[in-house]
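Worksheet: the structure to be examined is printed underneath.
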Amino acid sequence: MKAFGPVPSRRLGRSLGINHIPPKVCTYSCIYCQLGRTIRMQSNRSVFYKPEDVVRDVEEKVVKAREKNEHIDYLTFVPDGEPTLDLNLGREIELLKPLGISTAVISNASLMWQEDVRNDLLAADWVSLKVDAVTESLWRRVNRPHGALNYEAVFKGMKEFAEVFEGELATETMLIKGINDGVDEAEMVADFLADLTPDKVYVAIPTRPPAETSVKPADERAINRAYQIFEEKLKHVEYLIGYEGDAFAFTGNIEEDLLSITSVHPMREEGVNTLLSKAGSDWSCVERLIKEHRLLELEYQGKKFYMRKLPSIER
Ligand code: SF4
């Protein structure tokens with residue numbers, strides 16, 4: 001089966017996943033990849049499956065979901081590899097249009113320098129681009145790109161795409177402890193992203209066991225710092241730190257709501273106070289969550305921020 005779900009996704013609501021690449025064929029071998037090291041490094045696009053077979057699998061899933069009254073917000077190309085390696089991606093997106101459901105592609109953006117890849121993605125409604133680092137040495141260290149990929153071309157390609165794409169553009173930046181989580185790189189990534197003018201900017205950390213065991217997620221202080229740096233230059237910055245399910249699920253329970261909001265973005269002291277008073281609660285709630293190691297108090301440029309404590313990566 002090349003389709004799975006629908007599964008809840010914080011970014012995409014209820015998403016029906018499309019796995020249209022054999023495992024694990026990719027242009028990158030990211031040190032944090034949750035699928036392990038890349039089995040087949042490849043930079044040339046090729047045909048993996050017949051587009052009609054991919055589309056038939058998706059259609060069957062959609063019919064089943066509709067029979068059960070399960071809503072689908074997006075048909076998402078999120079294979080165990082890089083989706084734009086599929087030479088038929090554009091055709092598959094077109095063939096899925098009659099289903100009347102928006103399409104999304106989660107790409108590492110490494111092939112954006114190719115005009116045919118950009119054209120394929122123009123047909124999608126939502127596209128996410130990976131920008132973990134913009135310094136060449138860090139890009140090579142974190143993403144370990146295929147030898148044929150040219151650093152300048154990759155980043156130029158992203159800009160060219162962003163200029164003409166009319167759908168919703170998201171970016172994702174994965175922060176690795178001690179590698180790309182410093183101030184300088186965060187500033188440079190923020191400048192680059194500002195040029196792309198994305199609709200949503202996600203600051204992420206690895207939340208599942210990474211390809212290289214030495215890889216550790218950036219800590220809360222570094223994540224908050226990157227968030228603040230990004231927010232100065234970009235709109236709509238959010239965390240992706242491993243709380244997909246319950247983010248923004250307002251429950252009316254102040255503790256749960258505080259944890260839910262701070263899993264998406266840090267809250268300032270004033271914001272926390274406003275929420276507490278709306279809920280008829282007081283600061284003892286925050287103190288309790290901090291004591292229970294569920295919430296963290298962080299400082300950035302003399303201001304206090306509150307952030308949900310990171311989940312641990314289970315092996
Ligand atoms: S681009 Fe995605 S699939 Fe490819 S190695 Fe990186 S994280 Fe894994």
Side-chain angles (χ1 to χ4, degrees), residues 2 4 7 9-12 15 17-46 48-49 76-87 89 104-114 117-118 120-121 124 126-151 153-155 157-158 161 169-177 179-181 185 189 192-193 202-218 240-242 244 313 315:
K2 292 159 199 75
F4 60 93
V7 291
S9 152
R10 214 193 77 207
R11 286 177 288 182
L12 296 165
S15 156
I18 307 169
N19 194 354
H20 58 125
I21 304 258
K24 176 199 157 178
V25 187
C26 197
T27 51
Y28 283 174
S29 186
C30 302
I31 54 174
Y32 58 77
C33 185
Q34 65 180 41
L35 305 166
R37 289 185 187 160
T38 298
I39 298 167
R40 198 162 113 203
M41 289 288 278
Q42 182 175 324
S43 66
N44 292 328
R45 305 187 81 193
S46 54
F48 299 100
Y49 303 112
T76 310
F77 290 84
V78 56
D80 295 341
E82 169 49 30
T84 61
L85 276 171
D86 179 3
L87 200 53
L89 177 63
V105 183
I106 300 183
S107 169
N108 67 18
S110 60
L111 299 181
M112 279 304 173
W113 53 279
Q114 295 185 34
V117 169
R118 295 198 299 273
D120 280 2
L121 290 178
W126 186 100
V127 171
S128 173
L129 306 179
K130 183 189 290 301
V131 185
D132 296 331
V134 293
T135 306
E136 182 168 4
S137 56
L138 279 180
W139 172 64
R140 292 194 181 283
R141 191 168 164 200
V142 174
N143 300 124
R144 299 191 295 195
H146 186 284
L149 293 175
N150 177 284
Y151 161 75
V154 168
F155 289 86
M158 282 193 241
F161 177 72
L169 186 67
T171 63
E172 185 174 324
T173 301
M174 189 75 87
L175 297 179
I176 311 297
K177 188 176 190 139
I179 297 185
N180 65 339
D181 62 346
E185 193 61 24
V189 170
F192 176 78
L193 296 182
Y202 291 102
V203 176
I205 52 159
T207 54
R208 275 167 258 182
E212 305 303 331
T213 49
S214 59
V215 165
K216 301 280 175 271
L240 275 183
I241 55 173
E244 292 274 323
I313 298 182
R315 289 189 177 279

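This is a predicted model, so every value here is computed, not measured. For ligands, and for the atoms within them, numbers begin at 1 and follow the listed sequence.
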Point to revise | Residue and atom name of the nearest protein heavy atom (relative to atom 2 (Fe) of ligand 1), distance in Å to one decimal | key: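 Checked against all protein heavy atoms, atom 2 (Fe) of ligand 1 sits closest to Lys130 CE, 4.1 Å.
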Check your understanding: CG of Asn108 to OG1 of Thr84: how many Å apart, nearest 0.5 Å?
Key ->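 Between atom CG of Asn108 and atom OG1 of Thr84 there are 6.0 Å.
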Practice item. Indicate the ring-plane relationship of Trp139 and Tyr28, choosing parallel, tilted or perpendicular according to the 30° and 60° boundaries. Key: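 If you compare the ring of Trp139 with that of Tyr28, the planes turn out perpendicular.
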Review point. Are more than 12 heavy atoms from other residues, nucleotides or ligands located less than 6.0 Å from atom CZ of Arg140?
Key: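 More than 12 heavy atoms, drawn from other residues, nucleotides or ligands, come within 6.0 Å of this atom.
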Exercise for review: Check which protein N, O or S atoms are less than 2.8 Å from atom 4 (Fe) of ligand 1 and report how many there are.
Suggested key: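 My tally for this metal is 1.
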Revision key, fill the gap. Exactly one of Val134, Thr171, Val203, Leu175 clears side-chain contact (heavy atoms from CB on, under 4.5 Å) with Val189, and that residue is Val134
Check your understanding: Can you find a side-chain donor-acceptor pair between Ser9 and Ser15 that sits under 3.5 Å?
Key ->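 No, Ser15 and Ser9 have no side-chain donor paired with an acceptor closer than 3.5 Å.
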Exercise for review: Examine distances only and state if a side-chain atom of Asn180 and a backbone atom of Asp132 form a donor-acceptor pair shorter than 3.5 Å.
Suggested key: yes
